[in-house]
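Notes for the one structure printed next.
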Amino acid sequence: MPAPTTSPAPLLGLLPAVGVSFSAFLLFALMVGWPGHVVLALSLAAAYLIHRPLFRDLLLIGIGITIVSTTSVEADISWPMFFRLGVVLGAAVLVPVLVDRLVYRREPAIRFPWFTGRRWTGLQWAYVVAVPVLGWLILPSYFINSGAYQNWPPIQTPSEFGRFFVGVNVVGLWDELFFICICFALLSRHFPLWQANVLQAVIFVSFLWELGYRSWGPLLTIPFALLQGWIFTRTKSLTYVVIIHLLFDAVVFLAIVHAHDRSIFPFFVY
């Protein structure tokens, strides 16, 4: 399918886009509810006045942000939270997709390019290998030395192990569906790629902060968010960025479990 038509926003249009990203910072990173929603509403109103195509796409991002803000995304592996977060995150992707396809009645702007027909290059394969190695080297030191692992509950039963493993992977997949295929893709229709990437990274990193990547976690999550956007721009492959993310999250799972009980997965160096 051909790429959806872009509609570059005027320079002034950057302000409401920054406002939408900043609202996510307020809602997820600072965890202040009504100020974040006010900033989001004002930003969308400004976009409506400045550039209607930009407003329509920022509205889709705002819908997703608003849905996610209806519940806490702080790490919790209890059964009620397991299902509640699954429903909320699923709706944050599904509702913008349905609005884009059924309400806007335009060529869909939100797409999920799983299969591109392109072979991976040698550099791409090398990066696939490098990601878990880098995670093995960096993540245990981060989680243990910063104490950030305590933002996740200790894992004690087989059921908790299963829920935690599934949860880590599902959230990793959702990250790419929402932050890359929705936020980044929609923003890149109106702004230069580097601006769109920075704006999506603010939303991405803010969400990860609430999830538990605190202390000096942004030193890891900011480069990761920017790199995922850049890789998607280069490869046009959702499959590739998801594989990268899930490989990294596999090490996240192992490192957090190990941090809570050093006798489990005792193969880290830190």
Side-chain angles (χ1 to χ4, degrees), residues 1-10 13-14 16-21 23-24 40-41 43-70 86-118 170-204 207 225-226 228-246:
M1 297 178 65
T5 304
T6 60
S7 178
L14 186 60
V18 170
V20 170
S21 292
S23 73
L40 178 58
S43 300
L44 293 174
Y48 182 83
L49 297 174
I50 293 170
H51 192 58
R52 296 292 173 83
L54 174 63
F55 163 74
R56 286 193 287 270
D57 286 340
L58 289 182
L59 179 61
L60 297 180
I61 297 173
I63 289 172
I65 289 173
T66 300
I67 291 173
V68 175
S69 73
T70 61
V87 170
V88 168
L89 295 185
V93 170
L94 182 60
V95 174
V97 169
L98 292 177
V99 173
D100 185 43
R101 282 161 169 71
L102 303 180
V103 178
Y104 285 175
R105 296 184 178 276
R106 65 181 184 183
E107 187 176 349
I110 300 174
R111 300 169 181 231
F112 304 102
W114 291 106
F115 305 105
T116 64
R118 301 177 182 176
V170 167
V171 171
L173 170 61
W174 180 86
D175 287 342
E176 302 305 324
L177 297 179
F178 184 70
F179 298 117
I180 299 299
C181 290
I182 294 181
C183 296
F184 179 59
L186 293 175
L187 289 165
S188 64
R189 285 163 48 86
H190 306 281
F191 303 104
L193 289 174
W194 73 268
Q195 292 180 359
N197 204 16
V198 170
L199 291 171
Q200 72 83 16
V202 172
I203 307 172
F204 197 162
F207 173 83
L226 292 171
Q228 287 293 90
W230 181 80
I231 290 172
F232 184 73
T233 299
R234 301 282 294 184
T235 65
K236 305 294 190 296
S237 173
L238 176 58
T239 302
Y240 188 75
V241 294
V242 165
I243 288 173
I244 293 299
H245 200 134
L246 295 187

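Just the heavy atoms: all of them, side chains too, but no hydrogens, waters or symmetry mates, feed the values below. Residue numbers start at 1 and run along the sequence shown.
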Inset, instruction - Taking the side chain as every heavy atom from C-beta outward, state whether Phe184 and Leu199 have any pair of such atoms under 4.5 Å apart. - result: no
Inset, instruction - Mark yes or no for whether Gln228, through its side chain, and Val241, through its backbone, hold a donor-acceptor pair below 3.5 Å. - result: yes
Inset, instruction - Might you point out which heavy atoms bring Pro108 and Arg111 nearest each other, and give the distance in Å? - result: O-NE, 3.1 Å
Legend entry - Flag side-chain contact, heavy atom, 4.5 Å: Thr116 against Tyr240: no
Inset, instruction - Drop me the distance from Thr239's OG1 to Phe112's CZ, to the nearest 0.5 angstrom. - result: 12.5 Å
Legend entry - CZ/Arg106: more than 12 non-hydrogen atoms of other groups inside 6.0 Å: yes
Legend entry - Nearest-0.5 Å distance, CZ of residue Phe232 to CG of residue Leu238: 6.0 Å
Legend entry - Contact check, side chains of Leu58 and Ser43, non-hydrogen atoms, under 4.5 Å: no
Legend entry - Heavy-atom side-chain contact between Val99 and Leu59 under 4.5 Å: no
Legend entry - Spacing of OG belonging to Ser21 relative to CD1 belonging to Ile65, to within rounding of 0.5 Å: 6.5 Å
Legend entry - Ion pair Arg56/Asp100, N-O distance below 4.0 Å: no
Legend entry - Straight-line distance of Asp57 CG to Phe191 CZ, nearest 0.5 Å: 9.5 Å
Legend entry - Reported OG-to-CG distance for the pair Ser188 and Asn197, which is rounded to 0.5 angstrom: 9.5 Å
Legend entry - With sequence neighbours excluded, residues passing ring-ring contact (aromatic ring centres under 6.0 Å, His included) with His51: none
Inset, instruction - Quick one: pull up CG in Leu187 and NE2 in His190 and give me the separation to the nearest 0.5 Å. - result: 7.5 Å
Inset, instruction - Mind checking ring-ring contact (aromatic ring centres under 6.0 Å, His included) for Phe179 and listing every partner two or more places apart, or none if nothing turns up? - result: Trp174, Phe204, Phe207
Legend entry - Derivation of the side chain to side chain contact (heavy atoms under 4.5 Å, CB included) call for Val242 and Trp114: CA-CA 9 Å; Val242 165; Trp114 291 106; 4.0 Å; yes
Legend entry - Least distance between heavy atoms, Ile50 atom then Pro10 atom: CG2-CG, 3.7 Å
Inset, instruction - Using a 4.5 Å cut-off on heavy atoms from C-beta on, say whether the side chain of Leu98 contacts that of Val103. - result: no
Inset, instruction - Say whether, by atom type as modelled, one donor and one acceptor occur between the side chain of Gln200 and the main chain of Ala225 under 3.5 angstrom. - result: yes
Legend entry - Listed partners of Tyr48 passing ring-ring contact (aromatic ring centres under 6.0 Å, His included), at least two apart: Phe55
Inset, instruction - Looking only at non-hydrogen atoms, find the nearest pair between Ala24 and Ile203 and report the distance. - result: CB-CG2, 3.7 Å
Inset, instruction - Report yes if some heavy atom in the side chain of Leu177 is under 4.5 Å from a heavy atom in the side chain of Ile182; otherwise report no. - result: no
Inset, instruction - For Ala92 and Val68, work out which heavy atoms get closest and say how close. - result: CB-CG2, 3.6 Å
Legend entry - Closest non-hydrogen atom pair, Pro16 against Leu54: CG-CD2, 4.3 Å
